[in-house]
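Just below is one structure, and these are the notes that go with it.
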Amino acid sequence: MDSAIATTHTHDAGHAHGEHEHVVLPQHRHHFETEEQQREAGSFGMWLFLLTEIMFFGGMFFAYLLYRNWYYPAFAAASNQLNVPMGAANTAILITSGFCMALGVWAAEVRQKKTLVITLILTTIFGMAFLGVKYFEYKEKYELHHIPGNNFSVSMFVNPQNYPQYPDTYAEKPLAPDMAQKTQIFFFLYFAMTGMHALHMIIGIGLLVWLIMRANRGDFTNGYVAPIENFGLYWHFVDIVWLFLFPLLYLINRHPLH
Amino acid sequence: MSHDAIHSQAHDASNVTNPEHAEHHIVTPLQYCYVFATLLVGTAITVGAAYVDMGVLNPIVALAIACFKACVVILFFMHAAYQTRLIKVTIASGFFVFLVLITMTLTDYLSRSWGLW
């Protein structure tokens with residue numbers, strides 16, 4: 001894969017030569033008829049993988065839908081404890097990261113090595129910024145005993161009047177203790193969904209480091225765009241998951257509650 | 001018959017490898033900028049809409065905006081708009097199956113304690 005170029009296919013001498021040179025790139029595998037076919041097969045395979053990812057996250061989205069309907073007061077109260085400015089900032093950070101990734105695919109297509117490396121590095125930086133914001137959100141949950149389990153505390157939901165520093169929670173009606181226990185289900189799903197999303201980001205950042213090193217070597221600016229393009233599909237898919245997580249977890253219970 | 005036609009016939013007699021004659025399309029940075037701006041505006045709108053009391057419509061509006069943003073990402077960032085029909089149908093089928101699964105599972109859960117709520 002390291003030798004950049006391209007041999008030309010010479011046709012029979014009888015044909016007019018030169019007007020039609022069939023360029024065979026080293027990444028073109030012999031079992032594909034044409035490069036278009038190879039590229040389509042690659043995209044097709046990547047999309048099939050992403051469909052399994054839809055089902056993977058879909059199970060959790062469905063659990064959220066169902067439990068939110070069953071224990072609506074607990075889900076509304078717990079959701080209002082989440083930090084909207086942090087979630088919104090993270091959405092913007094992730095969209096910016098996706099934008100850099102998209103530019104990276106373009107840079108690989110037009111064979112600009114430096115631009116490709118820079119956009120991939122920016123993609124990584126914004127991805128890590130997202131995880132950094134997520135760390136502060138998780139830390140707050142830890143301090144408030146909002147991690148499901150033995151140390152979970154319902155006091156914020158049973159006695160919201162004691163928490164004037166959290167205006168959205170403070171404005172809530174107190175929950176009965178049994179309903180307040182159901183906030184654990186919200187937080188369990190919150191950690192499962194955002195945690196799985198964060199795990200995908202961590203895996204993605206690992207892949208990005210590898211791609212940056214190879215891009216820097218010039219592997220993807222000689223016409224061999226497939227790894228960048230397919231990683232881009234993965235990264236944008238992770239973005240899309242967050243585009244749904246953000247409104248569902250943070251936003252849909254925010255309307256004035258009085 | 002031109003040389004090109006002979007060549008492509010020889011390699012692809014039944015015209016199956018690229019039946020739509022799909023050109024490889026490169027989305028330009030300017031288009032990506034428009035998409036980026038659309039997504040940021042969409043985020044601002046969805047945060048703003050969350051603080052307007054629309055009753056039962058709040059989650060619906062939030063999900064509608066999220067779906068719109070997801071479509072923009074899929075069509076342009078993920079280049080679905082420029083892919084062959086095979087890939088477009090593959091993508092659509094994935095989301096369709098997901099909706100079918102949600103609907104079927106919900107019909108079960110919602111009808112279990114029918115009349116008790």
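FYI, side chains are in, hydrogens and waters are out, and symmetry mates aren't considered; it's all heavy atoms of this structure. Here is the naming used below: chain letters follow the sequence lines, and residue numbers restart at 1 for every chain.
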Legend entry - Which atoms of B/Thr43 approach chain A - backbone, side chain, both or neither, heavy atom under 4.5 Å: side chain

Legend entry - Heavy-atom contact with chain A under 4.5 Å, split by part of B/Val35: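 Neither part.
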
Using a cut-off of under 4.5 Å on heavy-atom pairs, state which of [options] scores highest against chain A.
| options | answer |
| --- | --- |
| B/Ile91, B/Ile65, B/Val27, B/Leu40 | B/Ile91 |
| B/Ile60, B/Thr105, B/Val61, B/Val97 | B/Thr105 |
| B/Pro59, B/Ala49, B/Gly42 | B/Pro59 |

Gap separating the [atom1] atom of [X] from the [atom2] atom of [Y], nearest 0.5 angstrom:
| X | Y | atom1 | atom2 | result |
| --- | --- | --- | --- | --- |
| B/Ile74 | A/Ile240 | CD1 | CD1 | 4.0 Å |
| B/Ser93 | A/Leu51 | OG | CG | 5.5 Å |
| A/Trp47 | B/Lys88 | CH2 | NZ | 12.5 Å |
| A/Ile95 | B/Leu39 | CD1 | CG | 5.0 Å |
| B/His79 | A/His236 | NE2 | NE2 | 6.5 Å |

Flag the pair [X] / [Y] as yes when at least one side-chain heavy-atom distance between them is below 4.5 Å, and no otherwise.
| X | Y | result |
| --- | --- | --- |
| B/Leu63 | A/Leu248 | yes |
| B/Phe98 | A/Phe62 | no |
| A/Val84 | B/Tyr51 | yes |
| A/Met55 | B/Leu101 | yes |
| B/Leu106 | A/Leu66 | yes |

Inset, instruction - Under the side chain to side chain contact (heavy atoms under 4.5 Å, CB included) rule, what do B/Val47 and A/Arg254 come out as? Steps first, then yes or no, please. - result: CA-CA 9 Å; B/Val47 172; A/Arg254 289 285 155 176; over 6 Å; no

Does atom [atom1] of [X] have more than 12 heavy-atom neighbours from other groups under 6.0 Å away?
| X | atom1 | value |
| --- | --- | --- |
| A/Phe32 | CZ | yes |
| A/Phe188 | CZ | no |
| A/Phe61 | CZ | yes |
| A/Phe56 | CZ | yes |

Counting only heavy atoms closer than 4.5 Å, note whether [X] contacts chain B via side chain, backbone, both or neither.
| X | answer |
| --- | --- |
| A/Thr96 | both |
| A/Leu233 | both |
| A/Ser43 | both |
| A/Val105 | side chain |

Inset, instruction - Take B/Met78 and A/Asp239 through the test side chain to side chain contact (heavy atoms under 4.5 Å, CB included) and record every step on the way to the result. - result: CA-CA 11 Å; B/Met78 300 172 91; A/Asp239 276 12; over 6 Å; no

Inset, instruction - Begin from the C-alpha positions of B/Gln83 and A/Glu40 and carry the test side chain to side chain contact (heavy atoms under 4.5 Å, CB included) through to its verdict. - result: CA-CA 8 Å; B/Gln83 299 284 15; A/Glu40 190 189 20; 5.6 Å; no

Legend entry - Closest approach of A/Phe44 to B/Ile87 (non-hydrogen atoms, all atoms of both residues): N-CD1, 3.9 Å

Legend entry - Atom of B/Thr28, atom of A/Trp106 and distance for their closest heavy-atom approach: CA-CD1, 4.3 Å

Legend entry - Which of A/Gly98, A/Ala107, A/Gly87 touches chain B most, by non-hydrogen pairs under 4.5 Å: A/Gly98

Legend entry - Evaluation steps, side chain to side chain contact (heavy atoms under 4.5 Å, CB included), between A/Trp235 and B/Phe77: CA-CA 10 Å; A/Trp235 197 249; B/Phe77 275 0; over 6 Å; no

Legend entry - Residue from B/Tyr32, B/Phe36, B/Tyr34, B/Phe76 passing ring pair (Phe, Tyr, Trp, His ring centres under 6.0 Å) with A/Phe99: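 The option that passes is B/Phe36.
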
